[in-house]
Amino acid sequence: MPRVPAHTLDDAPKAAHDMLTALRERFGKVLNVHGGMAHSPVVLAAYTGVQAAIAEHGSFDARTREAIALAVSAVNECAYCQAAHTVAARGAGLSPDEALAARAGTPIEPRLDALLVVARQATTARGEVDEPTWQQALDAGWSAEELTELFAHVMANMFTNYFNHYAGTELDLPAAPPTS
């Protein structure tokens with residue numbers, strides 16, 4: 001049972017209605033995570049604001065973004081986000097095996113793997129990334145600018161991961177397959 005039940009468009013607070021409508025148009029329905037966030041328009045606005053900044057200024061392709069989301073949500077054990085991003089990963093060009101690998105921390109391809117190691121370490125170590133891990137990503141071809149952008153993706157995913165834990169968001173998507 002969710003701590004924070006999901007709002008629908010019919011019962012959402014007025015201040016959240018337009019944001020929730022836009023999210024429904026983007027995802028085809030009001031996802032429970034968005035309906036839960038709608039209880040506090042500031043939470044929904046923070047989420048949509050970060051997503052808009054990433055969409056406008058981010059440089060990672062959809063495949064990379066989804067791999068990051070899968071890695072972070074697996075570290076945080078967010079079943080909701082693992083389910084959502086497993087579905088989105090297919091549309092972004094990750095095979096089912098690659099989506100599982102991103103969650104499990106097993107190899108996909110060297111350049112992407114190096115980025116995901118940074119994402120996982122930043123997630124588990126409260127933003128800390130050791131020098132060898134950072135250098136490995138640079139050596140794999142990621143720039144300082146891209147590694148800086150990675151921080152926004154990690155934090156955006158942690159925001160939804162933690163919200164789902166906090167609110168007890170009920171899964172309204174197919175569960176992600178187990179990683180082992």
Side-chain angles (χ1 to χ4, degrees), residues 1-94 99 102-103 115-116 118-120 122-127 145-176:
M1 182 90 182
R3 289 184 185 141
V4 178
H7 273 298
T8 66
L9 285 175
D10 294 332
D11 65 6
K14 184 177 180 179
H17 193 269
D18 289 347
M19 291 179 284
L20 205 54
T21 298
L23 289 165
R24 182 193 65 187
E25 289 173 11
R26 180 175 170 204
F27 293 100
K29 68 178 187 175
V30 173
L31 295 172
N32 283 348
V33 62
H34 302 143
M37 288 178 179
H39 279 272
S40 176
V42 68
V43 173
L44 193 57
Y47 166 78
T48 58
V50 169
Q51 294 300 322
I54 287 171
E56 183 176 347
H57 302 287
S59 65
F60 295 144
D61 63 19
R63 184 174 183 272
T64 302
R65 290 191 311 267
E66 291 304 328
I68 295 164
L70 288 165
V72 172
S73 63
V75 168
N76 286 325
E77 299 178 2
C78 181
Y80 193 96
C81 289
Q82 288 182 75
H85 291 288
T86 294
V87 170
R90 288 186 194 118
L94 285 169
R103 291 174 47 225
L115 185 71
L116 297 182
V118 174
R120 285 186 196 93
T123 302
T124 59
R126 298 176 311 276
E145 292 79 8
E146 289 167 320
L147 293 175
T148 303
E149 178 183 334
L150 176 61
F151 180 80
H153 293 270
V154 169
M155 298 294 43
N157 284 286
M158 289 180 72
F159 185 92
T160 54
N161 296 169
Y162 284 21
F163 178 81
N164 288 321
H165 293 308
Y166 184 78
T169 306
E170 187 174 16
L171 192 60
D172 58 344
L173 301 161

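All residue numbers in this chain count up from 1 along the given sequence. Note that the structure is a prediction, hence the values are computed from the model and not measured. Both backbone and side-chain heavy atoms feed into the values below; hydrogens, waters and symmetry mates do not.
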Minimum-distance pair of heavy atoms, taken over all atoms of [X] and [Y]:
| X | Y | result |
| --- | --- | --- |
| Glu149 | Ser59 | OE1-OG, 2.7 Å |
| Ile68 | Ala119 | CG2-CB, 4.5 Å |
| Met19 | Pro41 | CE-O, 3.8 Å |
| Ala89 | Ala99 | CB-CB, 4.2 Å |
| Ala74 | Arg103 | CB-O, 3.2 Å |
| Gly35 | Leu20 | N-CD1, 4.0 Å |

Give the C-alpha distance, both sets of side-chain angles, the deciding distance and a yes or no for side chain to side chain contact (heavy atoms under 4.5 Å, CB included) between Leu115 and Leu147.
CA-CA 8 Å; Leu115 185 71; Leu147 293 175; 3.8 Å; yes

Rounded to the nearest 0.5 Å, the NE2 atom of His165 sits from the CZ atom of Arg3 at a distance of 11.0 Å

First locate atom CG of Asp172, then atom NE2 of His34, and finally report the distance between them rounded to the nearest 0.5 Å.
9.5 Å

Hey, does [Y] have a side-chain heavy atom less than 4.5 Å from the side chain of [X]?
| X | Y | answer |
| --- | --- | --- |
| Leu9 | Arg24 | yes |
| Thr160 | Met37 | yes |
| Leu173 | Leu31 | yes |

Could you walk me through whether Thr64 and His153 pass the side chain to side chain contact (heavy atoms under 4.5 Å, CB included) check?
CA-CA 10 Å; Thr64 302; His153 293 270; over 6 Å; no

Applying side chain to side chain contact (heavy atoms under 4.5 Å, CB included), run through Thr123 and Asn157 and close with a yes or a no.
CA-CA 10 Å; Thr123 302; Asn157 284 286; over 6 Å; no

Under 3.5 Å, is there a donor on one side chain and an acceptor on the other for Tyr80 and Asn161?
no

Is a donor from one side chain sitting under 3.5 angstrom from an acceptor on the other, for Asp18 and Thr21?
no

Aromatic plane relationship, His7 with His39 - under 30° parallel, 30 to 60° tilted, over 60° perpendicular:
tilted

Is there a side chain to side chain contact (heavy atoms under 4.5 Å, CB included) between Phe163 and Val43 once you walk through the steps?
CA-CA 9 Å; Phe163 178 81; Val43 173; 4.1 Å; yes

Any side-chain to backbone donor/acceptor pair from Arg65 onto Phe60? Under 3.5 Å, distance only.
yes

Please check if the side chain of Asn32 supplies one atom and the backbone of Glu170 the other of a donor-acceptor pair under 3.5 Å.
yes

